[in-house]
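A short worksheet on the structure shown next.
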Amino acid sequence: MNKSTDRRPFEKKVWLSSPTMHGEELEYVTEAYNTNWMSTVGANINEVEKIAAEKAGVKYAVALSCCTAALHLCVKLAGEKLYGKPAISHGAVEGKRVFCSDMTFDATLNPVVYEGGIPVFIDTDPDSWNMDPEALEKAFEMYPEVKLVVCAELYGFSGNIRQIKEICEKHGALLIEDAAEAMGATWEGQQCGSFGDYAAISYNGNKIITGSSGGCLLTNDPEDANKARKWSTQARENAAWYQHEEVGYNYRMSNVIAGVIRGQYKYLEEHIAQKKAVYERYKEGFKNLPIQMNPIVEGCVPNYWLSAFTIDSEFMCRQVRGECEALYISEAGKTCPTEILEVLHSLNAEGRPIWKPMHMQPMYRMHECIGKSGSMRAKTNAYIAGGVNDVGADIFQRGVCLPSDNKMTEDQQDRIIEVIKACFE
Ligand SMILES: *Cc1c(COP(=O)(O)O)cnc(C)c1O
């Protein structure tokens with residue numbers, strides 16, 4: 001095997017994407033501490049709501065404990081608008097089909113399930129790696145009664161989210177935009193997070209800026225913003241005592257975490273610039289390899305949160321994935337994600353497979369997934385052979401997320417590029 005190169009591990013692990021603090025965060029946290037605003041009320045929360053709305057170009061932001069909570073309240077708001085108030089504590093979309101991104105993190109659609117909805121997955125556009133608008137049109141043809149779509153922007157590289165919104169409008173459906181990975185990215189000059197009727201952003205530790213955790217719900221409707229704020233604080237009615245007419249949640253953001261986020265927002269552009277440099281160095285470093293970087297389609301200015309690539313099919317060695325394990329057969333001139341991830345691991349660098357599509361997940365395997373040419377249900381086993389109509393399965397089979405940390409040095413990245421190149425020898 002002629003796959004030797006300098007593989008001495010880095011002393012300090014190079015992460016996929018890790019938090020980067022700058023100092024000002026601590027000042028806001030200290031201010032909260034010194035004034036005893038150690039609660040889910042305070043100046044930092046108010047500021048985060050102001051900044052988040054301003055940056056995203058929407059009227060209102062509601063600061064919450066995480067993006068998943070934000071998405072949950074989005075589903076509740078949309079459900080009430082579409083189907084009326086549920087009779088019980090949950091079930092805002094009970095028994096209703098909801099069209100969802102297929103190649104995403106499962107937090108995108110878990111809240112649909114919390115509320116009794118039935119996710120129907122929409123296959124991925126191979127050109128943008130995002131929800132395929134043609135497949136969405138096909139889905140509305142098959143299920144014209146569907147009134148809700150949840151769409152995520154993958155890795156901070158948006159597809160045509162405007163077209164997704166237009167298709168929703170045409171069919172009288174509401175759009176929830178999961179912009180957890182795409183804060184600061186734009187489509188045709190407009191911020192991701194401002195296209196949906198409701199949207200959610202994340203300050204989880206691995207996102208482009210972080211509060212350690214946290215998220216915001218974004219909307220232009222003042223009533224919806226107030227409702228979400230009320231639900232997030234146990235749904236208390238306006239009375240002297242604890243008065244309750246509906247079920248509530250403990251979803252409000254902490255003023256301590258809001259302090260970190262408030263400090264981080266000043267560095268959003270800097271982090272994006274650093275991530276962009278990482279992406280471009282990979283692109284340049286791999287220019288002679290048979291790979292395709294995650295696509296930037298015309299109209300999108302990404303935030304470059306994660307760099308990723310797919311290996312061209314002819315250069316894939318044999319790789320088989322079970323439920324939780326993978327095997328491959330090493331072959332000269334070819335490689336696969338499993339081999340590349342192994343090599344990255346030996347270098348003390350963190351890579352990751354592409355997010356495994358939802359229709360391939362054990363819990364959603366019986367759910368429908370719709371592609372350009374209709375239901376893919378009959379073809380769910382085809383992905384093993386690189387099935388023709390299953391774009392998500394194909395990108396998953398051939399794709400790798402690369403170490404994309406903004407603190408990675410150029411030397412470290414050069415060595416990562418070298419060991420990956422050696423996999424193709
Ligand atoms: C991270 C992430 C979430 C969840 O964010 P939390 O703040 O951790 O709840 C949701 N959707 C996508 C696409 C994500 O990447």
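Note that ligands are numbered from 1 as they come in the structure, with each ligand's atoms numbered from 1 the same way. One is the number of the first residue; the rest follow in order along the sequence.
- The N/O atoms of E181, backbone and side chain alike, include one that comes under 3.5 Å of an N/O atom in ligand 1.
- Contact detail for T68 and A107: the closest heavy-atom pair is OG1-CB, 3.7 Å.
- Of all the listed residues (A180, G211, A179, S65), A180 holds the heavy atom that lies closest to atom 14 (C) of ligand 1.
- Taking distance alone, with nitrogen or oxygen atoms compared against 3.5 Å, D178 approaches ligand 1 more closely than that limit.
- The distance from ligand 1 to the heavy atoms of A107 drops below 4.0 Å at these ligand atoms: 3 (C), 4 (C), 10 (C).
- The aromatic rings of Y282 and F286 lie parallel to each other, their planes meeting at an angle below 30°, with 60° marking the opposite boundary.
- The proximity of T68 to ligand 1, defined as any non-hydrogen pair under 4.0 Å, involves the side chain as well as the backbone.
- Two residues are said to be in side-chain contact when any heavy atoms from C-beta on lie closer than 4.5 Å; P337 and R321 meet this criterion.
- Y328 and E342 share a donor-acceptor pair across their side chains, judged by distance under 3.5 Å alone.
- Residue contacts with ligand 1 include K207, since one of its heavy atoms falls under 4.0 Å from the ligand.
- Taking the six-membered ring for Trp and thresholds of 30 and 60 degrees, Y155 and W305 have ring planes inclined between 30 and 60 degrees apart.
- Between H171 and F140, the two ring planes are parallel [angle under 30°; tilted spans 30° to 60°].
- At under 3.5 Å, a nitrogen or oxygen of N204, whether backbone or side chain, sits near a nitrogen or oxygen of ligand 1.
- Remark: side-chain polar atoms of N204 are not paired, donor with acceptor, to backbone N or O of S202 under 3.5 angstrom.
- Remark: ligand 1 atoms within the under-4.0 Å shell around heavy atoms of T108 are 11 (N), 13 (C).
- Contact atoms of ligand 1 toward S202: 5 (O), 6 (P), 7 (O) (distance under 4.0 Å to a heavy atom of the residue).
- Side chains of S18 and D405: a donor-acceptor N/O pair is present below 3.5 angstrom, by distance only.
- Residue-ligand proximity, T104 to ligand 1, at heavy-atom distances under 4.0 Å covers atoms 13 (C).
- Within the 4.0 Å heavy-atom shell around ligand 1 one finds G214.
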